[in-house]
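Here the structure comes first, spelled out in structure tokens, and everything after it is commentary.
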Amino acid sequence: MTQYIIYFNQQWVGDHSEEWIASRGPLANAVVEQMKDAGVYVFAGGLDSDIDAAFSADATSGTIEVTDGPFAATGEFLGGLAIVNVADIEAAKMWAGKVAEACGWPQEVRRIE
């Protein structure tokens, strides 16, 4: 079994009404339940969209520095993720497709080493 992360950047969501976004929650939750039923679920969750509430920890200077805000000033930031433990890449693709369909926006998939 191999773990894969399925994730999206918040900017991939696009402009939608509050009602449309709210309508995606039950669909995404249903896919998470399917993952659990299939025994492939490790973790899933959406992230707080307030990027200003993020903080960063950096120890590259030899001293741990914790600062408010994201580590890098960038136009894109992670919006949510799921981790699945599946037999092969084809299964990871299948689950990514289910998540993309439920959410209504693209997902990226990477193997966890």
Side-chain angles (χ1 to χ4, degrees):
M1 299 293 270
T2 304
Q3 291 185 343
Y4 287 85
I5 183 171
I6 303 166
Y7 61 95
F8 68 93
N9 283 345
Q10 189 64 38
Q11 291 68 27
W12 302 348
V13 173
D15 294 326
H16 302 286
S17 69
E18 293 282 330
E19 295 80 21
W20 187 90
I21 294 289
S23 75
R24 306 320 285 186
L27 301 173
N29 289 336
V31 173
V32 168
E33 289 305 314
Q34 291 173 11
M35 289 176 182
K36 289 177 180 178
D37 291 345
V40 301
Y41 175 87
V42 176
F43 175 82
L47 302 179
D48 185 344
S49 62
D50 180 7
I51 194 64
D52 293 328
F55 62 90
S56 303
D58 182 4
T60 56
S61 69
T63 303
I64 299 171
E65 294 182 41
V66 178
T67 57
D68 291 336
F71 178 71
T74 180
E76 292 192 346
F77 55 90
L78 192 61
L81 62 106
I83 299 174
V84 293
N85 192 27
V86 294
D88 56 36
I89 194 168
E90 294 307 316
K93 289 177 182 179
M94 185 269 299
W95 287 110
K98 286 181 175 282
V99 172
E101 182 176 38
C103 290
W105 50 79
Q107 303 291 312
E108 189 167 305
V109 183
R110 296 180 67 186
R111 184 172 50 88
I112 298 173
E113 295 186 346

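Below, each value reflects all heavy atoms present in this structure, side chains not excepted, and no hydrogens, waters or symmetry copies.
Every residue two or more places apart in sequence or in another chain that forms a side-chain contact (heavy atoms from CB on, under 4.5 Å) with Ala100 is listed here: Gln107. By the side-chain contact (heavy atoms from CB on, under 4.5 Å) test, Glu113 is found to be paired with Arg111, residues two or more places apart in sequence or in another chain being considered. In this view, Trp12 satisfies the ring pair (Phe, Tyr, Trp, His ring centres under 6.0 Å) rule with no residue, not counting sequence neighbours. Taking the side-chain hydrogen bond (donor to acceptor under 3.5 Å, both in side chains) definition, one finds that Asn9 meets it with Glu76, sequence neighbours left out. Under the ring pair (Phe, Tyr, Trp, His ring centres under 6.0 Å) criterion, Trp105 pairs with Phe8, not counting sequence neighbours. With sequence neighbours excluded, no residue forms a salt bridge (charged side-chain N to carboxylate O under 4.0 Å, His left out) with Glu65. A search for side-chain hydrogen bond (donor to acceptor under 3.5 Å, both in side chains) contacts involving Asp58 returns Thr60, not counting sequence neighbours.
Nearest heavy atoms, Tyr4 versus Val109: CD2-CG1, 3.9 Å.
Counting only residues at least two apart or in different chains, side chain to side chain donor-acceptor pair (under 3.5 Å) contacts with residues 40-49 are absent.
Grouping Ile, Leu, Val, Met, Phe, Trp and Tyr residues whose side-chain heavy atoms lie under 4.5 Å apart, directly or via other members, places Leu81 in a hydrophobic cluster with Ile5, Tyr7, Val42, Phe43, Leu47, Leu78, Ile83, Ile112. Grouped with Ile64 in one hydrophobic cluster are Phe55, Val66, the linkage being side-chain heavy-atom contacts under 4.5 Å among Ile, Leu, Val, Met, Phe, Trp and Tyr residues.
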Name each donor-acceptor pair under 3.5 Å that joins a side chain in residues 30-38 to protein atoms two or more places apart or in another chain, with its distance.
unit_1	atom_1	unit_2	atom_2	d
Gln34	OE1	Lys98	NZ	3.4

Under 3.5 Å, which donor-acceptor pairs link side chains of residues 13-26 to any protein atom two or more places apart or in another chain?
unit_1	atom_1	unit_2	atom_2	d
His16	NE2	Val13	O	2.8
Ser17	OG	Glu19	OE1	3.4
Ser17	OG	Trp20	N	3.0
Ser23	OG	Trp20	O	2.5
Arg24	NE	Ala102	O	2.9
Arg24	NE	Cys103	O	3.3
Arg24	NH2	Glu101	O	2.9
Arg24	NH2	Ala102	O	3.2

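By the criterion of side-chain heavy atoms lying less than 4.5 angstrom apart, applied directly or through intervening Ile, Leu, Val, Met, Phe, Trp or Tyr residues, Leu27 is not grouped with Val84; the two fall into different hydrophobic clusters.
To the nearest 0.5 Å, atom CE of residue Met1 and atom CG of residue Asp88 are 9.0 Å apart.
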